[in-house]
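Worksheet: one structure, shown below.
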2 protein chains.
Amino acid sequence: MSTASERARLPSIRDVARLAGVSHQTVSRVLNDHPSIRPETKAKVLDAISVLDYRPNLAARALVTSKSNMLGILSATIGEFGPTSSIAGIEDAAREEGYSVSTLNLPATSPEAIGNAVRQLSREQVDGIVVLAPQVRVFHVLRGMSVDMPFVTLQTASGSDGVSLSADQVAGARAATEHLISLGHSDILHLAGPQDWIEAESRMRGYLDGLREADLPTFPPIRGDWTADFGYFAGKELALRRDFTAVFAANDLMAIGLMHGFRDSGIRVPHDVSVIGFDDIPVAAHVAPSLSTVHQDFPELGRRAVRILLAQIRGEQVPEFGPLQTILRARESAASR
Amino acid sequence: MSTASERARLPSIRDVARLAGVSHQTVSRVLNDHPSIRPETKAKVLDAISVLDYRPNLAARALVTSKSNMLGILSATIGEFGPTSSIAGIEDAAREEGYSVSTLNLPATSPEAIGNAVRQLSREQVDGIVVLAPQVRVFHVLRGMSVDMPFVTLQTASGSDGVSLSADQVAGARAATEHLISLGHSDILHLAGPQDWIEAESRMRGYLDGLREADLPTFPPIRGDWTADFGYFAGKELALRRDFTAVFAANDLMAIGLMHGFRDSGIRVPHDVSVIGFDDIPVAAHVAPSLSTVHQDFPELGRRAVRILLAQIRGEQVPEFGPLQTILRARESAASR
DNA sequence: TTGTACGCGTTATCAA
DNA sequence: TTGATAACGCGTACAA
């Protein structure tokens with residue numbers, strides 16, 4: 001039985017050097033692919049490394065280089081499908097590039113909380129931060145506090161000149177709206193996301209653009225909170241006014257709740273009212289009626305964010321991505337009048 | 001405009017010492033709450049710290065203490081609701097205790113992949129690991145390779161003597177089964193999770209226990225993959241045999257897909273067949289018919305894991321938690337015959 | 001109660 | 001191509 005106190009010290013670069021019969025500095029050069037090193041020396045060193053199962057101490061390396069090979073994720077989402085999928089993409093892409101990932105969930109979106117979070121991440125020496133904080137205010141606070149570190153936001157706020165990217169939410173929302181229009185609907189409501197959310201704004205804009213283009217009347221949006229529960233209550237409320245034949249919900253969860261509310265109020269979807277959502281969550285195709293929605297590739301978004309961030313960190317040319325395509329998935333919940 | 005090259009060096013412990021007129025060691029003592037230090041000295045130091053906005057360099061600290069104040073999460077799940085919610089709980093609890101969190105998604109469950117992942121985390125000097133790798137084989141590999149670090153698994157494999165915890169899956173599954181029995185069903189199928197998954201085994205055992213207790217016939221389980229798509233195809237298949245009146249699906253996603261498959265086959269839920277799921281995902285209450293299921297508190301699971309892990313790391317008494325309660329949520333999809 | 005000297009494991013600099 | 005030496009910022013041991 002080995003106890004903690006007996007635990008042997010891990011081999012250091014000097015142990016490797018001793019075994020290989022070189023200086024520790026030569027070992028360091030091998031580790032960092034330094035060009036000028038004789039092949040046979042390199043072989044000896046690599047040999048010693050594998051014999052000792054040596055692994056460089058990342059803390060020591062971070063100390064001297066003041067680079068941690070670590071990326072931070074600053075997240076202000078609770079566990080929704082989209083952001084969660086993007087985070088997986090971020091982590092995978094980062095690991096592929098040899099970076100580890102430190103995740104931090106914002107407890108609040110107050111400027112102080114954001115400041116603390118960034119400071120914490122900076123204390124951890126992360127080389128860059130990916131921000132998944134879809135609230136507009138987080139975005140502004142971040143810009144205001146002049147973070148001394150490269151960072152990328154996954155959502156594009158309007159008028160942002162910083163580096164950021166996103167799927168083309170506006171186009172997707174517009175496609176959803178146009179789909180409803182093409183089915184013959186002219187009185188289309190929008191069940192929007194919360195006031196402060198960038199995505200909510202984009203999707204609402206797409207909705208407004210679509211209607212305006214078709215010279216159709218717009219309605220003041222209903223402000224939701226992304227949850228299915230809210231959608232349900234909205235459905236019950238909307239059942240009392242019947243001045244519409246279709247609803248575009250800003251996400252699938254609200255759309256599913258909405259259909260439930262309609263169902264409980266005797267409104268049949270799509271017979272009486274058509275519904276379309278956004279995100280294409282895994283159950284969208286399986287609810288009754290199956291939910292028309294707009295698909296987007298969340299993990300790819302995360303991967304792109306990492307590529308941009310790493311380019312910034314390394315001082316390389318920042319890649320230009322076109323907007324990530326969204327795909328309309330027409331299903332049963334939206335039908336012609 | 002300040003460029004990277006001009007970026008000032010962050011203040012070090014010596015800068016603080018100089019400003020406070022003490023030695024860097026005294027500053028260190030203040031930072032670590034050393035008992036013997038004169039209040040006025042401490043005040044001077046704290047003052048200097050705030051003037052300089054000094055923050056200790058974590059890499060340097062990690063180097064000298066060989067503790068990183070960082071926890072690792074080893075995850076082998078793709079983005080399902082349960083594990084994702086638990087991860088959020090882990091992160092929050094860890095941050096509250098002053099630990100940062102490094103997440104690593106397993107690309108595969110092969111022994112090599114697991115070994116690499118653990119080594120990577122150990123290179124990062126994490127002080128402990130929370131394992132969310134619900135596959136039995138991951139569990140075994142981990143036990144076999146004698147990890148030189150404290151670790152906790154979120155799932156309890158049968159016969160495990162290591163530290164681990166989980167909600168009482170067996171009891172929950174049994175409650176689900178008994179619910180169906182109490183509704184008058186006697187021919188109850190089980191749509192199980194994948195062979196290798198600990199949760200799948202537990203839920204199946206609960207199913208079997210429930211039926212055996214009631215002296216009812218058991219059926220060979222159908223092995224699914226947790227996805228709604230699989231549930232759908234299972235529904236279409238099962239529609240061809242009508243030797244059952246109820247199905248217990250091992251998770252909500254499969255249950256929802258299953259109901260879809262039944263619907264497409266002309267089988268009405270719950271009129272012809274009752275269905276019950278597991279997990280209580282956010283849409284469960286809103287699909288049609290609303291899905292009976294078993295609720296569990298995933299974030300709390302994560303928090304408990306952190307508490308256990310930290311106790312191990314600190315050499316404290318490891319807290320004993322009772323099994324996390326599961327709660328039956330009876331809804332429309334399961335009805336009496 | 002405080003300070004000095006040293007070492008943690010690595011990379012950078014300069015000389016050989 | 002290689003090696004000696006000096007940092008990096010902090011905590012620990014010991015001395016004052």
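Computation of the quantities below employed the complete heavy-atom set of this structure, encompassing side-chain atoms and omitting hydrogens, waters and symmetry-equivalent molecules. Sequence lines set the chain letters: A, B, ... in the order given, protein chains first and strands last, and positions in each chain run from 1. If you're wondering where the values come from, they're calculated on a predicted model, not measured in any experiment.
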For Asp127(A) and Tyr99(A), work out which heavy atoms get closest and say how close.
-> OD2-CE2, 3.5 Å
Between CG of Asn57(A) and P of dT10(C) the distance, given in whole Å, is 6 Å
Is the shortest heavy-atom distance from the side chain of His34(A) to the side chain of Ile37(A) under 4.5 Å?
-> no
How long is the line joining CD of Gln125(B) and C1' of dG9(C), in whole Å?
-> 10 Å
Atom CD1 of Ile37(B) and atom P of dG3(C) are separated, to the nearest Å, by 9 Å
Between Gln135(A) and Thr109(A), a side-chain donor and acceptor under 3.5 Å | no
note: Arg123(B), atom CZ; dG9(C), atom P; distance rounded to Å ~ 15 Å
With a non-hydrogen cut-off below 4.0 angstrom, is Leu63(A) in contact with a base, only sugar-phosphate, or nothing?
-> base
Between Asp92(A) and Gly89(A), is there a donor-acceptor pair closer than 3.5 Å when you use the side chain of the first and the backbone of the second?
-> no
Whole angstrom is fine here: how far is it from CD in Glu124(A) over to P in dC10(D)?
-> 16 Å
Would you indicate whether the side-chain heavy atoms of Ser100(B) and Asn69(B) approach each other to under 4.5 Å?
-> no
Upstream residue (5' side of DNA chain C) when Ala60(B) and Lys42(B) are each assigned their closest nucleotide | Lys42(B)
Spacing of Leu58(B) atom CG relative to dC8(D) atom P, expressed in whole Å = 18 Å
Within the structure shown, what part of the strands sits under 4.0 Å from Ser12(A) by heavy-atom distance: base, sugar-phosphate, or nothing?
-> sugar-phosphate
Atom CD of Glu40(A) to atom C1' of dT1(D): distance rounded to whole Å?
-> 11 Å
Scoring nucleotides 11-16 of chain D by protein non-hydrogen atoms under 4.0 Å (B base, S sugar-phosphate only, - none) yields BBB---
What is the nucleic acid contact for Ser66(A), judged by heavy atoms within less than 4.0 Å: base, sugar-phosphate only, or nothing?
-> nothing
State, to 0.1 Å, how close Pro11(B) and Tyr54(B) come at their nearest heavy-atom pair, and which atoms those are.
-> O-CD1, 3.3 Å
Would one find a side-chain N or O of Thr26(A) under 4.0 angstrom from OP1 or OP2 of dT2(D)?
-> no
Can you tell which of dT10(C), dT2(D), dT2(C) lies closest to the side chain of Arg38(B)?
-> dT2(C)
Looking at side-chain heavy atoms only, is the closest gap between Leu10(A) and Arg55(A) below 4.5 Å?
-> no
